Chemist: 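Sharing a structure here in structure tokens format.
Here the structure is a predicted model, which means the values were calculated and not measured. Residues: numbered from 1 along the sequence shown.
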Amino acid sequence: MKPAFDLLHSITTWIRESAREIPEFPDDFDPSVRPADPRFGDFQANGVLPLAKKMKTNPRQLATALMAKIEEHPELGSGEFDLTIAGPGFINITLKPAFLSAWAKAFDQPEDLSAGLRHLYKEKTVVMDFSGPNTAKQMHVGHIRSTVIGESISRLLSFCGAKVIRDNHIGDWGTQFGILLLACKRFGFDFSVEPSVALPALEDLYRQGNQLVEEDPTAKDEARQELVLLQNGDEDRMGIWKKINEISQGAFNELYRRLDVTFDLNLGESFYRDQVHGVCEELEELKIAEVSDGALVVFHPEHPRFNEQPFIIRKSDGASNYATTDLATVAYRCEELDADEIIYVTDGRQQDHFEQLFLTVQKWFAGAGKPAPTLRHVWFGTILGEGGKAIKTRSGGSVKLRDLIDEGIERARLIVDGKNPNLPDEQKAAIAEAVGIGAIRYADLMQNRTHDYVFSWDKMLSFEGNTAPYLLYAVARIHAIFRKAGIQPGEGEESASDLETEEEIQLARQLTLFPTAIAQVAQDLRPHFLCTYLFELANAFSSFYNANRVMTENPQEQARRLMLCSRTLLYLQTGLQLLGIETLEQM
């Protein structure tokens with residue numbers, strides 16, 4: 001029988017099946033299986049204790065009855081697991097070396113890894129809303145978090161069976177365009193230059209226009225009139241607006257290409273401008289929204305923080321806002337994209353907005369008699385510079401994302417030149433790009449996303465510790481083993497014997513935790529769990545490699561060690577790919 005890939009999920013299922021044969025256990029019993037401290041086993045079932053407390057009975061007696069049934073189960077009772085009861089009623093599960101060998105042999109193809117986890121999202125349609133820069137502005141360092149977190153979660157949920165639709169909800173409609181149109185008319189603008197040059201020039205133009213309206217009340221009124229003409233579809237203004245958005249999108253796409261980030265849709269705020277009126281009307285008809293001080297608002301009196309803070313969906317002057325557009329966006333994604341789940345990736349300052357949005361959507365869909373999608377806000381903290389303040393340039397401005405990427409590659413090139421001066425320049429450049437961009441990306445993803453973190457080039461480009469260079473070097477080192485042996489990964493392992501040394505067993509155990517790490521990220525939408533797993537896997541491989549010669553005179557011993565090298569390579573490369581990090585065969 002082929003072992004189950006996702007052991008945590010499977011063991012939980014097997015224990016539930018065993019528990020159903022015992023009258024004292026309810027049908028919804030949760031075994032609460034978790035990876036265990038290696039000193040006590042591989043997995044531990046802790047669910048007996050809360051059940052015993054609820055039933056006011058002896059937990060060890062319950063655990064003994066459950067373990068007796070577990071040992072009769074065709075999978076857990078197969079002799080491939082050791083089961084013990086610890087303490088007041090914990091059930092420890094230890095995988096035997098023969099089982100670990102069979103597990104490693106069984107899952108040797110990339111498609112095995114995804115197929116074994118597709119039960120997690122069961123073909124759900126998930127719309128990922130991330131990145132979302134504003135047009136006429138360059139992307140800055142703050143956009144790196146939303147972009148790389150959103151892309152990583154998109155890849156991971158797709159890996160777990162979801163149909164993922166990436167939507168870049170760009171800010172391409174708003175009051176800034178009145179100022180830009182006025183500035184274009186007053187100062188002129190050359191729209192023929194390439195996007196990477198034109199976008200910084202548009203930022204400067206906006207600053208000029210903004211200064212103009214601040215100093216001249218007449219200019220402020222004129223900017224408002226320009227905006228009104230644009231919103232009413234004036235042909236000349238719409239033409240300029242389209243050019244501004246084309247330049248912006250061209251510059252964004254160049255950065256996304258370098259970061260290997262893709263989108264299925266780029267439906268900015270402007271796409272919904274004709275739909276917001278209908279949203280407001282329906283919310284009024286359902287008596288969810290009401291007029292207060294001239295504005296259309298939704299109150300949530302049942303909420304402890306929002307009971308007196310209205311959710312404004314139409315301003316007192318009749319203009320729509322982010323709330324209106326976001327409501328129209330939810331409706332579109334449900335009706336046109338069949339979204340089961342919508343995930344928003346933004347910074348933590350928008351938590352209140354999304355909490356009120358989600359409450360409003362729940363009431364709206366319930367009032368309309370239709371099922372609401374699952375809505376999740378994946379929020380993140382701030383990137384800090386020295387001194388614990390938000391990262392800035394020396395002049396006090398925002399760090400541009402393009403400049404950040406360029407600097408990362410330049411710094412990585414200096415390291416490559418120092419370590420491998422004899423490599424061809426073309427190869428050095430490719431390595432520097434992979435390491436530089438990978439380091440920036442990984443430094444962000446390895447953080448618990450809700451925490452702030454201090455940006456440090458020295459730490460993120462280090463070959464020691466939990467960094468991209470360390471993991472990339474681990475991948476390259478395994479490739480070097482196979483190059484030296486004159487074979488490809490996956491070859492030479494046909495006669496592999498069962499695991500013997502402690503380092504072999506510990507590495508194999510770490511391999512079996514790959515699906516557990518993926519499942520944890522899919523549940524909590526926190527990529528740092530995967531980063532931690534990959535770091536621990538690389539450490540386990542390093543311990544194995546330092547203590548065990550791979551190429552030996554014993555054919556069976558050599559085969560099993562080549563197998564462990566090949567599986568470690570597969571899992572490291574798969575995990576890094578899910579994080580959006582390009583791997584290298586040589587560094």
Side-chain angles (χ1 to χ4, degrees), residues 121 124-134 139 142-158 162-174 252 256 261-272 275-276 279 298 300 303 306 311-313 320-365 372-382 444-445 447-451 521-528 580:
Y121 257 74
K124 287 183 180 178
T125 297
V126 179
V127 175
M128 288 292 306
D129 183 330
F130 65 100
S131 196
N134 291 321
M139 292 177 70
H143 289 108
I144 192 70
R145 300 218 72 182
S146 176
T147 303
V148 302
I149 292 170
E151 175 66 16
S152 177
I153 292 173
S154 297
R155 293 182 182 210
L156 190 130
L157 295 186
S158 179
K163 175 187 176 184
V164 175
I165 300 172
R166 296 165 169 86
D167 188 1
N168 195 8
H169 190 67
I170 292 171
D172 63 351
W173 193 253
F252 299 157
Y256 294 141
V261 171
T262 58
F263 290 97
D264 303 293
L265 300 171
N266 284 283
L267 301 182
E269 294 169 10
S270 63
F271 180 81
Y272 303 96
Q275 302 171 37
V276 293
V279 170
V298 178
H300 299 292
H303 194 282
F306 303 139
F311 189 50
I312 301 171
I313 62 172
S320 58
N321 59 7
Y322 288 127
T324 336
T325 305
D326 283 347
L327 288 165
T329 304
V330 171
Y332 177 85
R333 288 168 174 169
C334 292
E335 294 164 10
E336 301 299 327
L337 305 179
D338 296 322
D340 299 300
E341 186 169 330
I342 305 172
I343 298 172
Y344 301 83
V345 186
T346 76
D347 70 62
R349 292 171 297 179
Q350 298 186 46
Q351 288 180 79
D352 282 0
H353 168 78
F354 281 105
E355 194 167 351
Q356 287 183 293
L357 173 70
F358 296 172
L359 288 168
T360 303
V361 168
Q362 289 167 5
K363 292 177 180 179
W364 178 18
F365 279 57
T374 300
L375 301 172
R376 301 176 76 177
H377 182 207
V378 173
W379 64 272
F380 51 81
T382 304
D444 196 293
L445 293 172
Q447 313 289 334
N448 185 334
R449 59 172 169 77
T450 54
H451 295 173
V521 180
Q523 176 179 312
D524 296 339
L525 304 182
R526 295 177 188 268
H528 80 277

Chemist: In a table with atom names and distances, give each donor-acceptor pair under 3.5 Å that connects a side chain of residues 521-528 to protein atoms at least two apart or in another chain.
Modeler:
from, atom 1, to, atom 2, distance (Å)
R526, NH1, N448, OD1, 2.5
R526, NH1, T450, OG1, 3.2

Chemist: Side-chain contact test, heavy atoms from C-beta onward, threshold under 4.5 Å: evaluate it for E151 versus R166 and give yes or no.
Modeler: yes

Chemist: Among F380, Y344, F263, W379, which residue satisfies the ring pair (Phe, Tyr, Trp, His ring centres under 6.0 Å) criterion with F130?
Modeler: F263

Chemist: Taking all non-hydrogen atoms of both residues into account, name the closest pair between P133 and M139 and its distance.
Modeler: CB-CG, 3.8 Å

Chemist: Is it true that the side chains of S146 and S131 contain a donor and an acceptor less than 3.5 Å apart?
Modeler: no

Chemist: Does Q447 reach the main-chain N or O of D444 with its side chain, forming a donor-acceptor pair under 3.5 Å?
Modeler: no

Chemist: If the threshold is 4.0 Å, N to carboxylate O, is there a salt bridge linking D338 and K163?
Modeler: no

Chemist: Is the side chain of S158 donor-acceptor paired with the backbone N or O of S154 at a distance under 3.5 Å, no angle test?
Modeler: no

Chemist: Indicate yes or no for a side-chain donor-acceptor contact from D326 to the backbone of T329 under 3.5 Å, with no hydrogens or angles considered.
Modeler: no

Chemist: Could you tell me whether the side chain of Y256 reaches within less than 4.5 Å of the side chain of T262, counting heavy atoms only?
Modeler: no

Chemist: To check you understand the geometry: which heavy-atom pair defines the closest contact between T125 and L337, and what is its length?
Modeler: CG2-O, 3.6 Å

Chemist: Any chance you could measure Q350, atom CD, to Q356, atom CD, to the nearest 0.5 Å?
Modeler: 12.5 Å

Chemist: Start with the C-alpha distance between R376 and F358, add both sets of side-chain angles, then the distance that settles side chain to side chain contact (heavy atoms under 4.5 Å, CB included), and finish with yes or no.
Modeler: CA-CA 8 Å; R376 301 176 76 177; F358 296 172; 5.6 Å; no

Chemist: Output yes when a side-chain donor or acceptor of D129 lies under 3.5 Å from a complementary backbone atom of I343, and no otherwise.
Modeler: no

Chemist: If you look at every heavy atom in V330 and P373, which pair is closest and at what distance?
Modeler: CG1-CG, 4.4 Å

Chemist: Quick check against the 3.5 Å criterion: does D347 have a side-chain atom that pairs as donor or acceptor with the backbone of R349?
Modeler: yes

Chemist: Output the distance between atom NE2 (H169) and atom CG (L267), rounded to the nearest 0.5 Å.
Modeler: 9.0 Å

Chemist: Mind listing the closest non-hydrogen atom pair of L327 and V279 along with its distance?
Modeler: CB-CG1, 3.8 Å

Chemist: Any side-chain heavy atom of K363 sitting closer than 4.5 Å to one from T360?
Modeler: no

Chemist: May I ask you to check whether S320 and Y272 show a side-chain donor-acceptor distance below 3.5 Å?
Modeler: no

Chemist: Is H377 reaching over with its side chain to a backbone N or O of V345, donor-acceptor style, under 3.5 angstrom?
Modeler: no

Chemist: Please identify each residue that fulfils salt bridge (Lys or Arg N to Asp or Glu O under 4.0 Å) with E269, with sequence neighbours left out.
Modeler: none

Chemist: With a 6.0 Å cut-off on the ring centroids, do H300 and F306 count as close?
Modeler: no

Chemist: What are the two closest non-hydrogen atoms of A339 and V127, and how far apart are they?
Modeler: CB-CG2, 3.7 Å

Chemist: Do any N or O atoms from the side chain of T324 and from the backbone of N321 form a donor-acceptor pair under 3.5 angstrom?
Modeler: yes

